[in-house]
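Lettering follows sequence order; numbering is per chain, from 1.
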Amino acid sequence: MQESLQNLILSCLSDLIENGTIELDTLPKVQIERTRDPAHGDFATNIALALAKQAKTNPRQLAQNIIDQLADSPLVAKVEIAGPGFINFFLSKGASTNVIRDILEQGANFGRNDLGQGESVQVEFVSANPTGPLHVGHGRGAAVGDSLCRLLSTCGYKVTREFYYNDAGAQIDNLALSVQSRCQGLTPEDAGWPADGYRGDYIIDVANAYMAQESVQSEDRTVTALGDINDIQAIRDFAVAYLRREQDLDLKAFGVQFDIYFLESSLYESQAVEATVNQLIENNFTYEEDGALWLKTELFGDDKNRVMRKREGGYTYFVPDVAYHLNKWERGFKTVINEQGADHHSTVTRVRAGLQALGANIPEGWPEYVLHQMVLVMRNGQEVKLSKRAGSYVTLRDLIDEVGRDATRYFLVARAPSSQITFDIDLALAQNNENPVYYIQYAHARICSMLQKLEVGEQETALSSDQAIFEALSEPQEDALIKELDKFAGTVKQAGEQRAPHMIANYLKDLAAAFHTFYNAHKVLVDEPALRQARVALCLATKQVLRSGLDLLGVGAPESM
RNA sequence: GCGCCUGUAGCUCAGCUGGAUAGAGUACCUGACUACGAAUCAGGCGGUCGCACGUUCGAAUCGUGCCAGGCGCGCCA
C-alpha cells in the first residue's frame with residue numbers, strides 16, 4: 001500500500017519536472033506514513049515541505065501542484081492539503097479492507113518478509129557461566145534473544161541460536177572448591193571456606209548429588225559423579241554438568257531452546273586460542289611488558305592496551321573470546337548478533353579490536369551487539385534482592401514459578417533493551433488491564449469464545465469471504481481495527497531491522513485495544529448476513545495476527561482463560 | 001576523571017531514520033452487564049519531554065555543553 005502511494009507520487013513528481021513546473025536535479029526519497037489522526041486521512045506525506053526550498057516555492061503551493069498532477073488511482077478516494085503543506089490521502093474502501101483478505105489467505109505466513117533473503121544469522125544469547133542458577137538478567141537475555149530469533153526468522157533469515165559457556169576459567173576452579181568444601185561439611189561461615197566461594201544453597205545440592213554418585217544429563221553430555229571427595233577434577237566436571245542441566249531446565253520452562261552449545265574449553269582443545277595468539281603476534285600488534293603479553297587494542301579504539309597472557313601464564317578472558325568470534329566468522333556468518341548484559345559492554349571494543357588485529361578482513365562493526373540493562377525486581381514496593389537458593393540474587397525460576405512463563409517473558413521483552421526496567425511482581429500477577437499480557441491474551445480468548453457460537457460451516461464461509469463483503473464494514477471502530485491490522489507487517493519488518501522485539505509487544509497492546517473497543521461497540525453475530533460475515537472475517541483476521549504476534553514473543557495465545 | 005546506557009504524566013513505560021494538538025496503562029473521579037466473556041469499554045483529571053544553547057519552515061527526536069541516575073573502567077569473567 002505504502003509503496004503504491006510512493007510510486008504514485010514519484011511518477012507525479014517526474015511529470016512536474018518534465019513539464020517545467022518545478023526544477024529538481026534528482027528525485028527525492030518520498031516519505032509516506034500512516035497518520036495518527038483519522039481526520040488526516042490514512043496516509044500522509046511531507047514531500048512538499050521537504051522540497052519547497054529546493055523547488056523555490058512555498059510548500060502549500062507545491063502540494064497543490066502535486067495534487068493537480070496526481071493520476072487517478074483506485075486506491076485513493078480523496079486527497080487533501082493540510083497544515084503547512086502535508087498531503088493527506090484517504091484510501092478507498094476496497095484498498096483499506098484488502099488486508100483482511102490477505103490475512104485470511106496467508107494465515108500464519110501473513111507478516112513475513114524477505115528482508116534476510118535466506119542469509120544465515122547467528123544469535124548468541126544467555127551464555128551464562130555454569131556456576132549457578134540463571135538470574136533475572138539472564139531471563140531478560142533469554143526473552144529478548146529468543147524473541148529476536150523468532151523475529152529474524154520471520155524476516156527471512158536462517159537463524160542459529162547459540163549458547164557459549166565458560167567451562168575453563170578461574171570461576172570454575174572456584175566452583176569446584178566450593179562444592180568440595182560442602183562435601184566436607186563446611187559452610188560459608190566456617191574457617192577454611194574458599195575465599196570467593198559460591199555461598200548459595202544450590203552448592204549443597206550439587207555436593208549431595210556428587211557424594212551420592214548421581215548421573216546428570218544435560219543438553220550436550222552425561223556425567224556420572226565419582227563421589228571421591230579428593231578428586232577435584234571429577235568434582236569440577238560433575239558440578240559444571242549439574243549446573244548446566246539446571247540452566248537447561250530453567251530455559252526449557254521458559255520456552256527457550258538452543259541449536260548449539262559452544263564450550264570455551266573446546267577452543268583450547270582445538271588449538272584455536274593458541275593460533276589466534278600466534279596470529280596476533282605475527283601481525284605485530286602485541287608486545288611484552290612486566291612479564292605479560294599485551295595487545296595494542298588502543299590502535300582500534302580502546303582507551304588502553306590489554307593484557308593477553310598473564311605474568312603467571314594463562315590467557316585473560318577476552319583472548320578465547322576473540323578466538324571464538326573468529327570461529328563464528330569462519331563458520332560463514334556475515335551477521336552475528338550478541339545479546340548480553342550491558343555490564344559486559346567493555347568487551348565489545350575489545351573483541352572487535354582483537355578481530356581487526358587478526359587481519360582476517362572482518363568488517364569493523366562486526367559482530368553486532370544488543371545490550372540489555374539491569375532488571376530491578378520489586379514486590380510490595382520493595383526491591384527484592386535475595387533468593388534462598390542462589391543466596392545473592394533473584395533467579396529466573398523464582399519468577400516463572402511466581403508469575404508464570406507468559407507474563408515473565410512478556411515483561412522482560414516488552415521494553416527497549418537499553419532501558420533499565422523494574423519488574424513489578426505484583427503487576428505481573430495482576431489479572432486485569434494493569435497487565436498487558438492478559439489484556440492481549442484476553443482479546444484472543446474472547447474471539448475464540450465468540451467463534452464457538454457460529455453456525456456449522458460459517459467460519460469456513462467467512463474465511464473465504466469475497467472482497468466485496470467488506471463493504472459492509474463502515475463503523476469507525478471497524479476502520480480503526482483494520483488500520484491496526486494493516487500495521488503488522490510493517491512493524492515486524494521494522495522490529496527486525498532494528499533488532500527490537502519490544503516493538504511487537506507494543507503493537508500487540510494497540511491491536512488488542514482496537515479489538516476490545518470494536519467488540520464493545522458492535523455486536524459481531526448480528527442477523528444481517530453480509531455484515532455478520534464481514535465482522536466474523538474481521539475477527540478471524542484479528543485472531544490470526546494476535547496469535548502470530550504473541551508467537552514472536554514466545555507467549556501463548558490461549559483459546560480460553 | 002574516562003567510556004557506554006538512561007532521564008517523557010504521581011507511578012511503570014511507548015514514541016527517538018525530525019513533522020500536524022506528545023501517547024498507553026496505572027492511580028484518582030464519572031458512567032456502561034437481562035449483553036457474542038466486565039480479565040472489557042466510554043469519558044474526565046494529569047506534561048516547562050532533565051536544563052541551556054544551536055541546526056531547521058518545523059525538535060521529545062539531530063548537534064554541543066551542563067545536571068542527575070545506572071553500568072563499566074583488573075594480569076576477574
When you compare rC33(B) with rA42(B), how far apart are their P atoms, in angstrom units rounded to a whole number?
16 Å
Looking at every strand, decide which applies to Met561(A) at a 4.0 Å heavy-atom threshold: base, sugar-phosphate, or nothing.
base
From Asn129(A) CG over to Leu243(A) CG, what is the distance, rounded to the nearest 0.5 angstrom?
11.0 Å
Salt bridge between Glu124(A) and Lys328(A), side-chain N to carboxylate O under 4.0 Å?
yes
Would you indicate what His522(A) reaches in the nucleic acid, counting non-hydrogen atoms under 4.0 angstrom: base, sugar-phosphate, or nothing?
base
Name the nucleic acid region contacted by Asp290(A), choosing base, sugar-phosphate or nothing; use a 4.0 angstrom heavy-atom cut-off, strictly under.
base
Who pairs with rA68(B) - Watson-Crick or G-U, where each distance is under 3.5 Å:
rU6(B)
Separation of the C1' atoms in rA60(B) and rU21(B), to the nearest angstrom:
15 Å
What's the closest nucleotide to the Thr316(A) side chain, out of rC75(B), rA20(B), rU6(B)?
rC75(B)
With a centroid cutoff of 5.5 Å and a plane-angle limit of 30°, would you call Tyr439(A) stacked on rA39(B)?
no
Given the C1' atoms of rU61(B) and rG7(B), what is the spacing between them in whole Å?
14 Å
Is the base of rA14(B) touched by the side chain of His502(A) through a donor-acceptor pair closer than 3.5 angstrom?
no
Answer with base, sugar-phosphate or nothing: what part of the nucleic acid does Gln494(A) contact at a heavy-atom distance below 4.0 Å?
base
Integer angstrom distance from the C1' of rU26(B) to that of rA9(B)
11 Å
Arg499(A)/Glu339(A) salt bridge by N-O under 4.0 Å criterion:
no
Under 4.0 angstrom between Ser419(A) side-chain N/O and rA14(B) OP1 or OP2
yes
What's Gln171(A) touching, base or sugar-phosphate or nothing? Going by heavy atoms closer than 4.0 Å.
sugar-phosphate
Just N and O in the side chain of Lys304(A): are any of them under 4.0 Å from OP1 or OP2 of rG74(B)?
yes
Could you tell me whether the side chain of Asn88(A) has a donor or acceptor atom within less than 3.5 Å of a complementary atom in the base of rA20(B)?
yes
Whom does rU48(B) pair with, Watson-Crick or G-U wobble, provided both distances fall under 3.5 Å?
none
Can you give me the closest heavy-atom contact between Ala537(A) and Phe470(A), atom names plus distance?
CB-CE2, 3.6 Å
For Lys296(A), is there an ion pair with Asp302(A) - N to carboxylate O distance below 4.0 angstrom?
no
Whole-angstrom distance between rC28(B) and rC73(B), as gauged at atom C1'
46 Å
Pick base, sugar-phosphate or nothing for Ile421(A), based on heavy-atom distances below 4.0 Å to the nucleic acid.
sugar-phosphate
For rA24(B), which nucleotide in any strand shown is its Watson-Crick or wobble partner with both distances under 3.5 Å?
rU12(B)
Using atom P in both nucleotides, what's the gap between rA14(B) and rC76(B) to the nearest angstrom?
37 Å
Classify Ala44(A) by what it touches in the nucleic acid, base, sugar-phosphate, or nothing, heavy-atom distance under 4.0 Å.
base
OP1 or OP2 of rA77(B) less than 4.0 angstrom from a side-chain nitrogen or oxygen of Lys310(A), does that happen here?
yes
Under a 3.5 Å cut-off for both contacts, is rC76(B) paired Watson-Crick or G-U wobble with anything, and if yes, with which nucleotide?
none
Taking any heavy-atom pair under 4.0 Å as a contact, classify Asn506(A): base, sugar-phosphate, or nothing.
sugar-phosphate
Which part of the nucleic acid, if any, lies within contact of Tyr519(A), taking any heavy atom under 4.0 Å across all strands shown: a base, the sugar-phosphate backbone alone, or nothing?
base
Within the modelled atom types, does a donor on one side and an acceptor on the other bring the side chain of Asp343(A) and the base of rG72(B) under 3.5 Å apart?
no
For His345(A) and rG72(B), do the ring centres fall under 5.5 Å apart while the planes stay under 30° apart?
no
Classify the side chain of Tyr317(A) versus the base of rA77(B) as yes if they form a donor-acceptor pair under 3.5 Å and no if they do not.
yes
For Ala414(A), answer base if it contacts any base atom (sugar-phosphate contacts may also be present), sugar-phosphate if it contacts only those atoms, and nothing otherwise; contact means non-hydrogen atoms under 4.0 Å.
nothing
So, for Phe285(A) and Phe300(A), is the gap between ring centers shorter than 6.0 Å?
yes
May I ask you to verify if any side-chain N or O of Thr517(A) is less than 4.0 angstrom from the OP1 or OP2 atom of rA42(B)?
yes
Given rG70(B), rC75(B), rA77(B), which nucleotide is nearest the side-chain atoms of Arg350(A)?
rA77(B)
Of the nucleotides rC75(B), rG72(B), rU6(B), which has the atom closest to the Ala292(A) side chain?
rC75(B)
Does rU17(B) have a Watson-Crick or wobble mate here (both distances under 3.5 Å), and if so which one?
none
Rounded P spacing from rU6(B) to rC13(B) in Å:
14 Å
May I ask you to check whether Tyr324(A) and Phe262(A) place their ring centres under 6.0 Å from each other?
yes
Checking all strands, does Thr349(A) fall into the base, sugar-phosphate, or nothing category for heavy-atom contacts under 4.0 angstrom?
nothing
Ring centroid separation for His516(A) and Tyr439(A), is it under 6.0 angstrom?
yes
Can you figure out which of rU12(B), rU40(B), rG70(B) approaches the side chain of Asn520(A) most closely?
rU40(B)
Under a 3.5 Å limit for both distances, which nucleotide forms a Watson-Crick or G-U wobble pair with rA60(B), could you say?
none
Under 4.0 Å, counting only non-hydrogen atoms across every strand here, what does Ala521(A) touch: a base, just sugar-phosphate, or nothing?
nothing
For rC66(B), does the glycosidic angle fall within 90° of 0 (syn) or outside that (anti)?
anti
Give Lys523(A) one of three labels, base, sugar-phosphate or nothing, depending on what nucleic acid heavy atoms sit under 4.0 Å from its own.
base
Same-atom distance (C1') from rU30(B) to rC45(B), integer angstrom
11 Å
Would you call Arg236(A)-Asp173(A) a salt bridge at under 4.0 Å N-O?
yes
Please state whether the phosphate of rA38(B), meaning OP1 or OP2, lies under 4.0 angstrom from any side-chain nitrogen or oxygen of Arg446(A).
yes
5'-most by nearest nucleotide on RNA chain B - Ala416(A) or Thr35(A)
Ala416(A)
Is there a Watson-Crick or G-U wobble partner for rU40(B) with both distances under 3.5 Å, and if so, which one is it?
rA32(B)
Check every atom of rA77(B), rC41(B), rC75(B) against the side chain of His516(A) and return the nucleotide holding the closest atom.
rC41(B)
